[in-house]
Enquirer: 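First the structure, then my questions, so here it is.
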Amino acid sequence: VQNWAAMREEDKRLFPLSTIGGVVQLFRQQLTGDLEPDLTLLSIVAGCVENSMTSSRNITVSPVSNDISSVSEKILDYEEPEVADVENLRLDPPVELHIVEALCAKFESVIKGYCDLSLFKEGQFATRTLVKRVSDIIWNTLSKTQYKDRAHLQSIYSYLTGSKLDCFGVAFAVVAGCQVLGFSDVHLAISEDHAWVVFGEDSQTAEVTWHGKGHEDKRGQSVEAEKAKDSWLYVGGKPVLCNRHVEVAALVSSMSPAMSPNMDSLEVGVLQQELLWLLYDLGHLEKYPMALGNLGDLEEVSATPGRPPSRDIYDEAVAVNQKIYQDYHVYPYTYSAGFHYRQRDFKGALKSWAEAANVIKRYKYSKDDEEIYKEFMEINNELIPHILKADENLLSDPECFMSLLQFYDGLCSWEEDSSTPVLHIGWVKPIVKCFTSFDFNVRAKLDISLADKEEGNEILSFSDWTFEKNFPGHFNIKFANCVPETLNNNYKKSLNDCDMNCDKRAGHYEYLFKDSSIYEDYNQNSGNSGNSANYDFENMQVNRLLRFAKYSETEVELYENRVRMPSASQNRFLSHLIEKSGESLFNIDFLLGHADSAPFLDVEKIQNIEKLCQLEKFENQPTKNTILPEESATKKDDEAKKKSGKINVTIFSAKMGALKDLIQAEKLNSSALHLQLTAQSQTDVKKSRASLETEFAGRVKRARRD
């Protein structure tokens with residue numbers, strides 16, 4: 001077992017740490033050594049530098065003059081060091097070895113002194129009782145005085161010197177404490193405003209810190225999957241799951257160079273930037289979009305020669321979010337929007353804000369979402385009205401109006417089915433003012449469509465389906481409990497609009513959980529001399545045929561014994577079958593919902609289904625009523641849309657859907673817009689997720705730059 005109190009000799013030789021380069025070298029040795037990084041040591045060193053460089057004693061005013069302008073002039077006259085001097089930037093006071101060793105020994109004594117391993121250790125993996133015990137130790141040794149959640153409280157240095165930690169600091173200290181006890185399976189899970197731990201051989205979860213202003217806590221309890229899936233606080237159950245190296249990245253990303261609301265520490269900013277590039281080069285930011293966003297911010301302030309521009313880093317954060325986390329994180333888009341805003345690319349900023357709102361609509365709003373609520377309120381009430389005034393060209397661009405609609409639609413979708421409304425009069429006034437800023441000829445260029453509604457029941461499109469890794473090829477609707485019991489696809493225009501899970505009769509989807517495929521009947525009966533009694537036509541569902549067309553060649557290969565069919569032939573086969581079904585196979589009365597009618601007519605005419613599956617004869621015979629348009633037909637539709645000058649936009653929320661006619665009216669009725677937007681939101685207390693017991697408010701982040 002590694003002795004965490006004993007520092008490595010190669011690390012000791014770096015002390016005293018008197019330059020930025022010395023600190024970076026310490027982190028490099030820890031990250032690239034044979035042993036896992038010592039979280040306690042690195043957190044103490046980083047915290048020592050941050051606290052000493054940002055303390056009030058480093059902000060001095062000339063004794064000759066108390067005029068603050070003289071201080072400002074000195075700051076403005078300061079020249080940024082050359083690239084070669086960055087690592088030689090001096091730290092004053094330097095970080096001394098004896099202080100660091102003493103603090104490391106103190107932390108180890110606190111953890112081991114209050115935790116008797118003989119009472120908790122059950123094998124090589126940590127248990128829930130052990131994790132709870134370590135969190136109790138940290139929790140009960142914090143200062144009992146009330147203090148606000150502010151900057152510079154996230155490190156173990158802050159814990160050991162001031163007995164203060166923010167909520168992220170507590171979670172990090174718990175993981176470091178478990179490492180001191182010799183458990184390497186306890187790791188951080190980080191969302192955009194919260195942190196908890198994952199431990200054990202089966203990756204159990206446990207709350208170890210508070211979140212917000214409440215005095216209650218849920219330490220030791222597991223993160224409930226049902227609550228997490230609709231919660232932004234838990235990013236829909238898709239947090240950044242850390243290993244030791246990513247935990248170091250979290251430590252670095254949580255640093256704050258702020259000395260005051262209007263002043264940053266040069267040393268801390270440079271150190272954080274250098275450490276993030278070190279972690280980037282080692283591949284430890286590949287799955288950490290928020291750290292990439294912080295790096296992009298730092299590069300935008302002071303670009304590093306030979307490194308990617310900040311725009312590319314922001315784009316990389318968005319790509320990581322989309323690829324790794326299925327687009328469940330909001331901040332990559334707000335980071336990107338902030339960049340476009342500062343570059344005065346206001347159209348790009350609007351688009352990124354709309355994409356951020358498109359993510360937030362996945363969730364249900366609750367009191368836990370205070371941080372992101374404030375973020376969106378600032379965007380809605382201040383930033384969007386400002387850019388519409390600053391650049392009048394936006395008011396004549398229908399794409400900007402589309403982005404605006406999508407942004408508001410995301411906010412309205414966020415509050416639907418939640419226990420608490422989002423929009424109040426403070427939000428609505430800027431929204432209505434922005435609507436009225438666009439002329440009718442601009443608003444008329446949008447072809448606004450609503451998410452499918454049938455008798456008040458919501459039908460979720462394919463874009464709202466999620467892929468279940470446990471069952472390849474099986475798509476579940478995001479809100480499965482909202483799917484109405486009686487639903488059909490009679491009036492859908494294309495396959496993409498069809499709900500493949502609408503048939504509720506038992507056994508219809510049993511093939512998804514069998515070893516065989518959806519072609520089970522064909523595979524089992526192909527050698528049975530064409531006896532039609534072997535095919536259960538009476539119970540076959542039309543969606544089974546649509547499901548057949550849904551599979552691509554790649555998905556077909558995921559199943560054993562599945563018949564492989566080229567996609568073009570597959571489309572023509574389905575189109576041919578559906579065209580002929582109304583004439584000779586399916587009973588139209590049955591498709592229209594008459595339950596007392598037989599589903600099929602004249603079944604005897606189909607004596608050998610194998611002949612129908614000979615796809616080659618349909619290769620060059622596109623049918624006149626095909627529901628799967630060929631590529632050329634799709635191109636023609638796109639060209640027709642371009643000629644009309646209309647831009648298609650789909651609205652998902654009921655509140656924005658009700659505004660469709662008002663928005664596209666030649667003369668906007670501001671009073672009607674106000675009434676509709678401030679009407680009782682479609683919250684659902686009965687079906688909403690139970691709000692968490694405590695009121696949360698996340699750890700302090702670097703303030704967004706204007």
Side-chain angles (χ1 to χ4, degrees), residues 333-334 336-361 376-414 422-423 425-451 463 637-679:
Y333 293 110
T334 59
S336 179
F339 168 79
H340 289 295
Y341 179 85
R342 292 186 291 271
Q343 299 296 318
R344 298 189 66 82
D345 176 15
F346 295 141
K347 183 175 180 178
L350 269 176
K351 183 179 179 181
S352 292
W353 284 327
E355 290 169 335
N358 190 54
V359 176
I360 202 66
K361 77 180 180 184
F376 278 118
M377 176 175 273
E378 180 186 15
I379 294 168
N380 181 81
N381 293 8
E382 299 177 22
L383 301 184
I384 290 179
H386 170 71
I387 66 176
L388 294 182
K389 289 181 180 178
D391 188 354
E392 293 183 355
N393 292 328
L394 300 178
L395 300 178
S396 58
D397 190 337
E399 291 184 358
C400 291
F401 187 61
M402 177 184 71
S403 296
L404 203 64
L405 278 182
Q406 290 172 330
F407 176 75
Y408 297 143
D409 182 53
L411 295 180
C412 293
S413 298
W414 185 26
V422 173
L423 302 184
I425 191 64
W427 290 72
V428 170
K429 284 184 177 179
I431 293 175
V432 173
K433 189 172 182 180
C434 291
F435 276 149
T436 56
S437 300
F438 287 85
D439 290 335
F440 170 70
N441 60 347
V442 178
R443 291 181 277 112
K445 290 181 180 178
L446 294 189
D447 182 10
I448 302 176
S449 59
L450 308 180
S463 62
D637 291 342
D638 292 339
E639 291 174 1
K641 290 175 183 177
K642 288 180 181 179
K643 289 180 180 179
S644 68
K646 292 262 187 177
I647 300 176
N648 292 326
V649 57
T650 302
I651 298 299
F652 293 90
S653 66
K655 183 173 283 189
M656 289 302 296
L659 290 178
K660 176 185 175 183
D661 293 336
L662 292 173
I663 293 171
Q664 295 194 303
E666 184 171 355
K667 185 177 181 181
L668 285 178
N669 187 331
S670 298
S671 299
L673 291 172
H674 269 99
L675 287 172
Q676 177 60 35
L677 287 169
T678 56

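All values derive from a computational prediction rather than experimental measurement.
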Enquirer: To the nearest 0.5 Å, tell me how far Phe401 CZ sits from Leu395 CG.
Expert: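 That separation rounds to 10.5 Å.
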Enquirer: Testing the basics here: between Ser396 and Val442, what is the closest heavy-atom pair and its distance to 0.1 Å?
Expert: CA-CG2, 3.8 Å
Enquirer: Calculate, to the nearest 0.5 Å, the distance between atoms OG1 and NZ belonging to Thr678 and Lys655 respectively.
Expert: 7.5 Å
Enquirer: Distance check, rounded to the nearest 0.5 Å: Glu392 atom CD versus Ile387 atom CD1?
Expert: 13.5 Å
Enquirer: Can you tell me how the ring of Tyr408 sits relative to the ring of Phe435, calling it parallel under 30°, perpendicular over 60° and tilted otherwise?
Expert: perpendicular
Enquirer: For residues His674 and Ile425, determine if any side-chain heavy atom of one lies less than 4.5 Å from a side-chain heavy atom of the other.
Expert: yes
Enquirer: Is the number of heavy atoms from other residues, nucleotides or ligands within 6.0 Å of NZ (Lys429) greater than 12?
Expert: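 No, because the 6.0 Å sphere around NZ of Lys429 holds 12 heavy atoms or fewer from other groups.
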Enquirer: Where do Leu394 and Lys347 come nearest, in terms of heavy atoms and distance?
Expert: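 Closest approach of Leu394 to Lys347: CD2-N, 4.0 Å.
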Enquirer: Just so I know, are the side chains of Leu446 and Arg443 near enough to count as touching, which here means a heavy-atom distance under 4.5 Å?
Expert: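 Of all side-chain heavy-atom pairs linking Arg443 with Leu446, none is under 4.5 Å.
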Enquirer: To check you understand the geometry: which heavy-atom pair defines the closest contact between Gly657 and Ile651, and what is its length?
Expert: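 That closest heavy-atom pairing would be N-CG2, 3.6 Å.
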Enquirer: Asn358 and Gln406: side-chain contact (heavy atoms from CB on, under 4.5 Å), yes or no, with the steps?
Expert: CA-CA 7 Å; Asn358 190 54; Gln406 290 172 330; over 6 Å; no
Enquirer: Students often mix this up, so state it plainly: with edges at 30° and 60°, are the rings of His386 and Phe346 parallel, tilted or perpendicular?
Expert: perpendicular
Enquirer: Quick one: do Trp427 and Val422 satisfy side-chain contact (heavy atoms from CB on, under 4.5 Å)? Show the steps, please.
Expert: CA-CA 9 Å; Trp427 290 72; Val422 173; 4.2 Å; yes
Enquirer: Provide the closest heavy-atom pair for Gly410 versus Lys361 in the form atom of the first, atom of the second, distance.
Expert: O-CB, 3.7 Å
Enquirer: Taking the side chain as everything from C-beta on, heavy atoms only, tell me whether Ile663 gets closer than 4.5 Å to Leu405.
Expert: yes
Enquirer: Rounded to the nearest 0.5 Å, what separates atom CG in Leu388 from atom SG in Cys434?
Expert: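 The SG atom of Cys434 is 5.0 Å from CG of Leu388, to the nearest 0.5 Å.
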Enquirer: Specify the closest pair of heavy atoms between Leu659 and Gln676, including all atoms of both residues, with the distance to one decimal.
Expert: CD2-CG, 3.3 Å
Enquirer: How long is the gap from CZ on Phe438 to CG on Leu404, to the nearest 0.5 Å?
Expert: 5.5 Å
Enquirer: What heavy-atom pair brings Trp353 and Ala337 nearest, and what distance separates the two atoms?
Expert: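 Scanning both residues, the minimum pair turns out to be NE1-CB, 3.2 Å.
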Enquirer: Rounded at 0.5 Å granularity, tell me how far NZ in Lys433 sits from CD1 in Ile384.
Expert: 13.5 Å
Enquirer: What verdict does the side-chain contact (heavy atoms from CB on, under 4.5 Å) test give for Asp391 and Arg344, after you've listed the backbone C-alpha separation in whole Å, the side-chain angles of each residue and the deciding distance to 0.1 Å?
Expert: CA-CA 9 Å; Asp391 188 354; Arg344 298 189 66 82; 5.8 Å; no
